[in-house]
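See below for the structure under consideration.
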Amino acid sequence: MNILLLGSGGREHALAWKMADSPLIERFYCAPGNTGIAQEAECVPLELTDHAAIVAFCREHGIDLVVVGPEAPLCAGVVDDLEAAGIKAFGPSRAAAQLEGSKGFTKDLCRANAIPTAAYARFKDAKAAKAYIRSHGAPIVVKADGLAAGKGVIVAQSEAEAEAAVDMMFSGGLGEAGGEVVVEEFLDGEEASFFALCDGETAIPLATAQDHKRAFDGDKGPNTGGMGAYSPAANIDAAMSGRIMSEIIAPTMRAMKAMSAPYKGVLYAGLMITSQGPKLIEYNARFGDPETQVLMPRLMSDLVPALLAACDGMLKSFDLRWYEMPALTVVMAAKGYPGHYTRGTVIEGLDQAAAVEGVEIFHAGTKAEGGRILANGGRVLNISATGKTVREAQARAYAAIARIRWPEGFYRRDIGWRAVQRESRV
Ligand code: AMP
């Protein structure tokens with residue numbers, strides 16, 4: 001079959017790397033793709049906002065399945081437009097992608113279905129939001145309702161900080177995303193990411209991960225799209241996974257179906273594991289980045305039939321197999337990220353780095369020019385490694401990084417610290 005993958009990040013490189021192994025694929029395209037993806041698929045320069053051009057490409061090239069990586073095209077309805085044209089697409093419809101696209105929608109769904117989450121209220125004006133903040137006190141969390149590329153959440157340690165966040169959002173600091181604001185209870189616990197594959201009716205658990213959102217070591221510095229991750233999450237055992245499926249994922253699936261917006265695709269739950277059990281922080285309507293860069297190396301089964309089964313409503317009788325071994329990924333970013341950074345700096349040593357045992361390098365913002373690899377974005381490379389333990393995977397990833405010559409890049413040196421600490425206690 002012929003497949004088109006949409007996206008250009010490290011997540012899509014990891015998906016492409018895994019899918020390219022499938023004996024089911026005849027022609028494999030990626031739009032727009034990147035330098036790393038070009039080793040697995042033919043990259044085509046389509047704009048992801050131009051749904052008509054994507055449909056036309058699919059018709060011209062006999063595409064049997066489109067796999068959508070990022071959230072923006074999902075929330076813009078690319079799956080609806082492809083399906084209307086009779087083309088099979090992996091990912092939620094626009095209505096179902098509201099689980100990521102609107103925090104208020106998800107919070108209301110949780111409340112109506114008794115899904116455990118932080119107590120909250122929604123606001124369309126600053127005065128009422130501030131009154132709520134003062135009546136609840138700090139710490140408290142202020143969130144823009146819409147998609148804000150990871151910048152829409154302020155965990156405020158004081159009422160003044162929370163009120164400033166409200167002012168920033170309502171004065172247009174985050175554009176349209178901040179037109180409505182959710183203020184919610186601060187949850188105490190340890191976070192984890194949980195991924196489920198869904199076909200509208202049935203959800204099956206994929207795997208778990210923990211990521212590192214802050215830019216610098218010791219979880220310091222500004223929030224980023226993610227500086228590293230490892231899988232599985234040490235705080236989710238089989239019993240906890242069962243609770244997450246029955247208390248959070250399954251009722252969400254039932255609610256979405258009842259709303260005539262059945263959820264198909266990957267449902268990525270950001271969770272806080274609290275002393276009372278798992279609570280939903282947020283949903284994402286797609287695979288995580290950089291979590292996919294640790295999930296794919298652990299997946300033993302062919303990914304393509306799983307994606308097809310999700311599209312076709314056939315997950316009930318489906319099973320996926322995983323390697324027990326952990327995987328860890330370290331993000332290399334351009335100095336200055338998530339703020340201002342420069343592009344076009346030269347990266348060397350990638351082949352030597354990839355030769356370290358257990359290591360796979362997934363590209364995000366890179367560009368090939370004149371036989372050289374140049375940095376072309378904020379998050380630039382993902383150095384993923386597997387190992388018998390998280391400690392071994394970590395040692396391999398950092399051994400690979402030591403072979404990469406890129407003075408204008410930086411990375412965290414403590415990815416996986418929690419899991420390594422846990423391992424040394426056992
Ligand atoms: P989100 O984009 O909703 O995942 O939020 C980004 C980060 O903010 C999360 O990964 C958490 O670290 C933190 N966060 C969000 N909501 C809460 C909450 N209610 N309590 C504590 N931390 C939170």
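Keep in mind that this is a model prediction, so the values were computed, not measured. The chain is numbered in sequence order, starting from 1. Just so you know, ligand 1 is whichever comes first in the structure, and atom 1 is the first atom listed for that ligand. Only this structure's heavy atoms are used, side chains among them; waters, hydrogens and symmetry mates stay out.
A salt bridge is defined here as a Lys NZ or Arg NE, NH1 or NH2 lying under 4.0 Å from an Asp or Glu carboxylate O, and Lys316 with Glu201 fails to meet this definition. Between Lys213 and Asp219 there is no salt bridge, since no side-chain N of the basic residue sits under 4.0 Å from a carboxylate O of the acidic one.
Residue nearest to atom 13 (C) of ligand 1, selected from Asn284, Val155, Leu271: Val155 (by heavy-atom distance).
Interface atoms of ligand 1 facing Phe186, defined by a heavy-atom separation under 4.0 Å, are 20 (N), 21 (C). The contact set between ligand 1 and Val141, taken as ligand atoms under 4.0 Å from a residue heavy atom, comprises 16 (N), 17 (C), 18 (C), 19 (N), 20 (N). Near Glu184, meaning under 4.0 Å from one of its heavy atoms, ligand 1 places the atoms 16 (N), 17 (C), 18 (C), 19 (N). For ligand 1, the atoms closer than 4.0 angstrom to any heavy atom of Lys103 are 2 (O), 3 (O). Near Glu282, meaning under 4.0 Å from one of its heavy atoms, ligand 1 places the atoms 1 (P), 2 (O), 3 (O), 4 (O).
Under 4.0 angstrom from ligand 1, the non-hydrogen atoms of Lys143 all belong to its side chain. Using a 4.0 Å cut-off between heavy atoms, Asp188 makes no contact with ligand 1 at all.
Formation of a donor-acceptor pair under 3.5 Å by the Ser171 side chain with backbone atoms of Met168 is found in this model.
For a threshold of 3.5 Å applied to N or O pairs, the pair formed by Leu187 and ligand 1 contains at least one separation below that value.
Under the side-chain hydrogen bond (donor to acceptor under 3.5 Å, both in side chains) criterion, Lys335 pairs with no residue, sequence neighbours left out. Applying the salt bridge (Lys or Arg N to Asp or Glu O under 4.0 Å) criterion to Asp108, with sequence neighbours excluded, gives Arg122.
A donor atom on one side chain and an acceptor atom on the other are found under 3.5 Å apart for Tyr411 and Arg413.
Taking the six-membered ring where tryptophan is involved, the planes of Phe195 and Tyr268 are tilted, since the angle between them lies from 30° to 60°.
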